[in-house]
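Notes to accompany the following structure.
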Amino acid sequence: MRAEARLGAHEQRAPGLQPGVAQVPHAPAPRGAASGRAALDDVRCRATRKGFCLEGFEDEEDAVYASLDGALLKRAREPWRRPPPRGRRREGWAQRSGGFLSGAPGPADAAAFEAETSGRGYATFLPARRRLPAFKMREAIVAAVRSGAVTLVLGATGCGKTTQIPQFVYEDCARRGEAIAVVATQPRRISAASVAERVARERGGALGDTVGFKIRFEDSVTASSKVVFCTVGVLLKTMQSNPLLAGATHVIVDEVHERDVHTDFFLLLVRRLLAKRNDLKVVLMSATVDPSAFLSYFPEAAVVEIPGKTNYPIEEHYLEDILPQLRPRSSPRPRRSPFGDAGALEGVPGDAETIFARLKCARPTAQALADFHALPADFVDVDLVAAVVEHVHASQEDGAILVFVPGWAEIADVVKRLERDRSLAIHALHSRMPSAEQRAIFDAPPPGKRKVVVSTVLAETSITVEDVVHVVDAGKARSTFLNKQSLVSALRTTWYATANGLQRRGRAGRVRPGAWWRLYSSFQHAAMVDYAEPEMVRSPLDELCLEVAALGLGAPEPVLAEAISPPDEAIVRAAVDGLVRLGALDAEDRMSLSPLGRQLARLHVHPVLGKLLLLGELFDCFDVALTVAAGLGSKSPFVCPLGKEPLANAAKARLADGTDSDHVLLERAYAEWRARPGYRDRRSFCDRFFLSHQTLEYVDQLRRDLGSGCRDLLKRDAGGRARPRHAAARLSSALLAALWPNVAAVRKQGKGLALGSGLKVVCHPGSVNRSAADRLVVFYDVQETSDRYLYDTSVVSLAQVLLFAPDVAQSTTNSGRAKLAVAPDLQVLVDAAALDDVLATRDLLQAFVQRSVGRPTDDASARASAALAALFSADVSADFGDDDEEEERPPTKGAYRPPHSRGRGRGDGAW
DNA sequence: GAGCACTGC
């Protein structure tokens, strides 16, 4: 098959659809078509005695085939006709949350409280606690919390608000013998756990006594816990079964300034909750100086400001202060970004004269600044970064240097430029590099060397390098936005917000006075926004809308319009559309959960991955679907040490072993890892294949969590069985049914067209399908970076797509053939003789899936899914090394095969 | 031919 030959303008095809018209060789894709889309040409479906044949051309050499074995098809249809399995769905959900928010809150045990506060452990930490700025505001905070419903506490990092305020509230109520149960949220797991541990220690107790924490996979809360730290996510999930937060007297929300989706949404719920619970006390804690956004959201809030900082003084330099100290350098000439200079700062003077007049600086400095101001926002001058690091190294006393750049490429460039200097101990810090696991970045550098850590935003909050004295700050951040046109998430480099700058500044001077070397001018600083755009207005909202529906709050559009920063209505609508398409929301009212939606809301993954799990059960490939869902729900376990890309790629290829599915590769990586008996074996396996042990541990836990969630939903042990026949065909069918319409027609070199959206897409260079040609692939993740990349893809067959596509529009061509529009860009011509068979099969399959998904499998559905898998097995390569070879029926037997098809399994040219 | 960062009863 020649895919490019099929890419003719399909308007051209319309009159008569004469045979041969399609054979325009290498016809270019239409440009500037009214819809802005390139159209795939029609593909025809012809019945043969033994099945269907989809063909693009009269010449069979060039045909596109979907082989559907007629006999298998007939066999498969029988079990699909069976009535739905009996058995009621279980509506209730087992409450297993231990002591967390269960039962009415009681007062603290007076004797225990007395013993605690007079104990040695408590006394040990008291002096240090008293020195914290927050401690000095104790009376004011307690009084504010006591007198009003909402208190907003403002205090910079390190003032002690996070650890102290929950204790103040607790002690105040305990002394008075009042009921007390404090829930304190954190945006990150690690902070919830470590803060709880710290506070428990300050109180002289163990975790789970007075103080506990609850994060996903970990729970130290007991019946005696009065102060519980948890992630916001945990609390949101809790509210699905306990919408009034019964059992909590105080809710403390920390880091509200970070404006992450969970916290913003929780604040929305809190505001609604306050109308229903006048006994609930809410404390919001923020590191921002400007509380206006929160004050207009909670007009009743009392504000308490905690003054003072604990950091050492920090020298602050702008670019205009630094440039005169550097050797004169020529201005770089970056290529212009294809997206335009989206993040350009406004009001920054571009001419040297104005700069000279305003700054009274040297002429060459003014000119250099003017040149610098003209650079696009997404360009980072890595030569300048390296030059400043060298300058600091040469001119300043000892002390580690922390360098902030936006991403991988800049880290690599800066490291490369600095490497020549033997007196530097250089470390790269990026979430996809294994270095986060290397202790060396936290250790003192070798004698005579200065430590330099070149990092992304990772070192801004998540990872703390204690001994940093100098921060060299490029002032840029890479973050995701939603492309409003394509509704695809996009990764872009922009100038950061001044709030980020303060956070980076704070990373210096933790151990002694430090310095902040900013690689932007005071003009640029003045033009920066104060705060980054809240995450809610730049994220896909599918999961959030499902959450709204699960909480029974009504239509997501008006509910989310109540948020502090309401998201664009088009984005909410797209999310609701997706949930309706998935079958999670009622198609009519677009707000109430369907039975399937109720199940998906209870699984702790993206609803699409939840459906993948349930379909995995239905298609009898639950174990692999579980791994794939857990893998796609975590970050990728594949890591790459800086500069070892070829080695890492080779290792990945060895593991991939020719599979045409990244999902199978993911499953294989996990399965191989898990098959190693012990920690050391698993570690060495990870080292060999450039995998992150830590991420695989997370996948493992997530997998267990999802597995037990499914077990509860299906009332039986899902999975745990031997790998079934045709596992790859089963998995790809489940993927296709769950991920639709995320299917792309890949023409060549991994480039193609997404059927759902008509957008041009490319398989990511890290994908096994990076150079795929003439294939249909199903995908979960898509992101616009330097191109619109599909991150993980699996090849599916045209036959699968023909049967699984949920809506086909049927029309008749002038020549009397039926035309099925599987998607706007994929039309299939079907001969009249085959049409009824195709449509009947589709209907039966859809009915079968619809009535069976989310139910435990029984004999009938097992037979049905086995038949389905057998039907597609000829088109899908056997990727799992399963027992296809011993099949009593060769997979291709009876199937119509194109004459040029080679070998078993997927024939060349078979979609 | 490429990888901001988080998170879930």
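None of these values were measured; they are calculated from a predicted model. Quick note on labels: first sequence line is chain A, next is B, and so on, each numbered from 1.
Of the candidate nucleotides B:dC4, B:dC6, B:dA2, B:dC4 has the atom nearest to the side chain of A:T456. In the set B:dG3, B:dC4, B:dG8, B:dG8 carries the atom at the smallest distance from any side-chain atom of A:I215. Closest contact between the side chain of A:V234 and the listed nucleotides B:dG8, B:dA2, B:dC4 involves B:dG8. Distance from the side chain of A:T231 is smallest to B:dT7 among B:dT7, B:dG1, B:dA2. Considering only the side chain of A:E535, B:dA5 comes nearest among B:dA5, B:dG3, B:dG8. The nucleotide whose nearest atom lies closest to any side-chain atom of A:Y791 is, among B:dA2, B:dA5, B:dG3, B:dG3.
A:S636 comes within 4.0 angstrom of no nucleic acid atom, judged by non-hydrogen atoms across all strands. Using a 4.0 Å heavy-atom distance criterion, A:E645 is classed as a base contact. Using a 4.0 Å heavy-atom criterion, one finds that A:G766 contacts no nucleic acid atom at all. At a threshold of 4.0 angstrom between heavy atoms, the contacts of A:V605 include nucleobase atoms, whether or not backbone atoms are also involved. Within 4.0 Å (heavy atoms only), A:N242 reaches no atom of the nucleic acid at all.
Taking side-chain N and O atoms only, A:T461 has no distance below 4.0 Å to OP1 or OP2 of B:dA5. At B:dA5, one or more side-chain N or O atoms of A:S431 fall inside 4.0 Å of OP1 or OP2 (strictly under the cut-off). In terms of phosphate contacts, A:H262 brings no side-chain nitrogen or oxygen within less than 4.0 Å of OP1 or OP2 of B:dG8. One finds no side-chain N or O of A:T785 lying less than 4.0 angstrom from the OP1 or OP2 phosphate oxygen of B:dA2. A:R478 has a side-chain polar atom (N or O) that falls below the 4.0 Å cut-off from OP1 or OP2 of B:dC4.
Ring pair A:H606/A:Y780 is perpendicular by interplanar angle, where above 60° counts as perpendicular and below 30° as parallel.
Under a 3.5 Å cut-off, the side chain of A:K226 and the backbone N or O of A:V211 do not form any donor-acceptor pair.
The interatomic distance linking A:R770 (CZ) with B:dG1 (P) rounds to 11 Å, in whole Å. When the P atom of B:dA2 is taken as reference, atom CD of A:Q749 falls 13 Å away, rounded to whole Å. Protein atom CD of A:Q694 is 14 Å distant from nucleotide atom C1' of B:dC6, rounded to whole Å. Separating the CZ atom of A:F266 from the C1' atom of B:dT7 is a distance of 15 Å, rounded to the nearest angstrom. Rounded to an integer number of Å, the gap from A:H430 NE2 to B:dC4 C1' is 7 Å. Whole-Å rounding puts the A:M433 CE to B:dA2 C1' distance at 12 Å. Protein atom CG of A:D781 is 12 Å distant from nucleotide atom P of B:dG3, rounded to whole Å. In this structure, CZ of A:F217 is placed 10 Å from C1' of B:dT7, rounded to the nearest angstrom.
Judged by distance alone with a 3.5 Å cut-off, a donor-acceptor contact links the side chain of A:R216 to the base of B:dG8.
Between A:R216 and A:D705 there is a salt bridge, with a side-chain nitrogen of the basic residue lying less than 4.0 Å from a carboxylate oxygen of the acidic one. A salt bridge does not link A:K652 with A:E645: none of the charged nitrogens is closer than 4.0 Å to a carboxylate oxygen.
Projected onto DNA chain B by closest heavy-atom contact, A:K635 and A:R432 fall at different nucleotides, the more 5' of which corresponds to A:R432. Across the interface with DNA chain B, nearest-nucleotide mapping of A:S479 and A:E547 shows A:S479 to be the residue nearer the 5′ end.
A:S462 pairs by the side chain to side chain donor-acceptor pair (under 3.5 Å) definition with nothing, not counting sequence neighbours. The side chain to side chain donor-acceptor pair (under 3.5 Å) check on A:R703 picks up A:T627, with sequence neighbours excluded.
Checked against the 6.0 Å centroid criterion, the rings of A:F638 and A:F689 do not qualify as a close aromatic pair.
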